[in-house]
Undergrad: 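I have a structure I would like to understand better, so I am pasting it below and will then ask my questions one at a time.
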Amino acid sequence: MKRLYLLFTLQTLFLSIVVAGYTAKISSITPRIEHRMRAGHSYRDGCPVKLRDLRYIRLNYLGFDGKPHTGEMVVHKDVAKEVTQIFGELYRAKYPIRRMQLVSDYGGSDYRSIEADNTSAFNCRAVTGGKKWSNHAYGKAIDINPIENPYISRSGHIAHRASLPYRIRRHKNPFHPEDRALIAPHDPIVRIFKSRGWRWGGDWHSIKDYQHFDKNRH
């Protein structure tokens, strides 16, 4: 049975969802979270989205150890509830996630976050190798298990040494969490995101960004 709780205050919007052992809580950006984001260089004045349009989420995920853990991410308010539903489906599908922390914990560095195999969403940064704003800067992109699902440049370059074994995109051993974390075209995770209108970077032609899911920000 699904239990849905709604609580509104003058300062904070709070939404809690509990479904079959999966828990997700959505709230507005509190002063404490804002301080973390600014101190951690994932948000600053001049970003293309206002803090009032972002939401902070705490949610369950299954770790590589097969046990439930609590993660966190920041996304745009327009996709916050949808994101909790997506990760609820991933939880029930037993899709493993290494870790899920704000990119602020890595000084806003996409490189450092990837090195930690961290699943994350909002980060006020430009697209990889470009100058225009990334969809991450709008809170409408999520990178999942980035070591097992690397970004591969037009030239075939992979920036992270630990990702090199995952250049070949096929499952080899379903008993290993790293193998189950690898995202292939017909995997449930791709279907789950696409069913809600999200794009997958593994479908791109000139580059491949297997970790990346995003939604049109307009």
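Side-chain atoms are counted along with the backbone in the values below, which use heavy atoms only and exclude waters and symmetry mates.
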Undergrad: Testing the basics here: between Gly46 and Trp133, what is the closest heavy-atom pair and its distance to 0.1 Å?
TA: O-CZ2, 3.7 Å

Undergrad: Taking all non-hydrogen atoms of both residues into account, name the closest pair between His157 and Ala159 and its distance.
TA: NE2-CA, 3.6 Å

Undergrad: Would you name the heavy atoms of Ser163 and Pro150 that are closest together and state the gap between them?
TA: CB-CB, 3.7 Å

Undergrad: Once you round to the nearest 0.5 Å, how far does NZ of Lys77 lie from OG of Ser28?
TA: 11.0 Å

Undergrad: I'd like to know if the side chain of Arg125 reaches the main chain of Gly108, judged simply by a donor and an acceptor atom lying under 3.5 Å from each other, with no hydrogens or angles considered.
TA: no

Undergrad: To the nearest 0.5 angstrom, please state how far the CG atom of Asn118 sits from the CG atom of Asp143.
TA: 9.5 Å

Undergrad: Taking only residues two or more places apart in sequence or in another chain, which ones pass side-chain contact (heavy atoms from CB on, under 4.5 Å) with Ser206?
TA: Arg154

Undergrad: Measure across Ala184 and Asp187 and return the closest heavy-atom pair with its distance rounded to 0.1 Å.
TA: N-OD2, 2.8 Å

Undergrad: Can you name the residues that form a side-chain contact (heavy atoms from CB on, under 4.5 Å) with Ala80, not counting sequence neighbours?
TA: Ile26, Arg55, Ile57, Val75

Undergrad: Say whether, by atom type as modelled, one donor and one acceptor occur between the side chain of Asp179 and the main chain of His171 under 3.5 angstrom.
TA: no

Undergrad: Please answer whether the main-chain N or O of Tyr210 pairs with a side-chain N or O of Trp200 as donor and acceptor at a distance below 3.5 Å.
TA: yes

Undergrad: Connecting only ILVMFWY residues whose side-chain heavy atoms lie within less than 4.5 Å of each other, what is the rest of Tyr151's hydrophobic cluster?
TA: Trp204, Ile207

Undergrad: If you define the side chain from C-beta out and look only at heavy atoms, does anything of Arg196 sit under 4.5 Å from Gln85?
TA: yes

Undergrad: State the CZ-CD1 distance between Arg167 and Ile158, to the nearest 0.5 angstrom.
TA: 4.0 Å

Undergrad: Side chain to side chain contact (heavy atoms under 4.5 Å, CB included), that's the test. Do Glu148 and Arg98 meet it? Break it down for me.
TA: CA-CA 10 Å; Glu148 291 76 19; Arg98 175 88 65 181; 3.0 Å; yes

Undergrad: Can a donor-acceptor pair be found between the side chains of Asn145 and Tyr95 at a distance below 3.5 Å?
TA: yes

Undergrad: By salt bridge (charged side-chain N to carboxylate O under 4.0 Å, His left out), which residues pair with Glu115, not counting sequence neighbours?
TA: none

Undergrad: Give me the other members of the hydrophobic cluster that Ile114 sits in, counting Ile, Leu, Val, Met, Phe, Trp and Tyr linked by side-chain heavy atoms under 4.5 Å, directly or via other members.
TA: Ile147, Tyr166, Leu182

Undergrad: Sequence neighbours excluded, which residues qualify as side-chain contact (heavy atoms from CB on, under 4.5 Å) partners of Lys50?
TA: Arg52, Asp53

Undergrad: What pairs of residues pass the ring-ring contact (aromatic ring centres under 6.0 Å, His included) test when at least one of them lies in residues 23-77, not counting sequence neighbours?
TA: Tyr61-His69

Undergrad: Taking atom CZ of Arg99 and atom CD1 of Ile97, what is their separation to the nearest 0.5 Å?
TA: 12.0 Å

Undergrad: Evaluate the criterion side chain to side chain contact (heavy atoms under 4.5 Å, CB included) for residue pair Arg36 and Val74; output intermediate values, then yes/no.
TA: CA-CA 12 Å; Arg36 282 181 64 192; Val74 170; over 6 Å; no

Undergrad: Would you say Phe213 and Met73 are hydrophobically clustered, going by side-chain heavy atoms of ILVMFWY under 4.5 Å?
TA: yes

Undergrad: Under the side chain to side chain contact (heavy atoms under 4.5 Å, CB included) criterion, do Leu59 and Met100 qualify, and how do the steps go?
TA: CA-CA 9 Å; Leu59 69 162; Met100 189 189 297; 3.5 Å; yes

Undergrad: Would Asp214 and Arg199 count as a salt bridge (Lys or Arg N to Asp or Glu O under 4.0 Å) here? Give the steps.
TA: CA-CA 5 Å; Asp214 69 15; Arg199 303 183 305 168; 2.7 Å; yes

Undergrad: List the residues meeting salt bridge (charged side-chain N to carboxylate O under 4.0 Å, His left out) with Asp203, not counting sequence neighbours, and say none if there are none.
TA: Lys194

Undergrad: How would you list, by chain and number, every residue that makes a salt bridge (charged side-chain N to carboxylate O under 4.0 Å, His left out) with Arg180, sequence neighbours excluded?
TA: none

Undergrad: Output all residues satisfying salt bridge (charged side-chain N to carboxylate O under 4.0 Å, His left out) with Asp65, sequence neighbours left out; order by chain, then residue number.
TA: none

Undergrad: Side-chain heavy atoms nearer than 4.5 Å, only ILVMFWY residues, links allowed to pass through others: does that put Ile189 and Val79 together?
TA: yes

Undergrad: Give me the atom names and distance for the closest heavy-atom approach of Pro96 to Ala181.
TA: CG-N, 4.0 Å

Undergrad: Starting at CD1 of Ile152, measure out to CZ of Arg169 and round the result to the nearest 0.5 Å.
TA: 7.0 Å

Undergrad: Using side-chain contact (heavy atoms from CB on, under 4.5 Å) as the criterion, list what pairs up with Leu62, not counting sequence neighbours.
TA: Pro68, Tyr91, Lys94

Undergrad: Indicate the atoms forming the closest heavy-atom contact of Tyr22 with Asn60, along with that distance.
TA: CE1-O, 3.4 Å

Undergrad: With a 4.5 Å limit on heavy-atom distance, are the side chains of Arg38 and Leu51 in contact?
TA: yes

Undergrad: Taking side chain as C-beta onward, heavy atoms only, is Lys215 less than 4.5 Å from Phe193?
TA: no

Undergrad: Spell out, as yes or no, whether a donor-acceptor pair under 3.5 Å connects the side chain of Asn149 to the backbone of Ile183.
TA: yes

Undergrad: By side chain to side chain donor-acceptor pair (under 3.5 Å), which residues pair with Ser42, not counting sequence neighbours?
TA: Ser104

Undergrad: When you compare the side chains of His136 and Asp110, does any donor N or O come within less than 3.5 Å of an acceptor on the partner?
TA: no

Undergrad: Answer whether the closest heavy-atom distance between the side chains of Ser120 and Ile142 falls below 4.5 Å.
TA: no

Undergrad: With rounding to the nearest 0.5 angstrom, report the OG to CG distance, Ser113 to Asp105.
TA: 9.0 Å

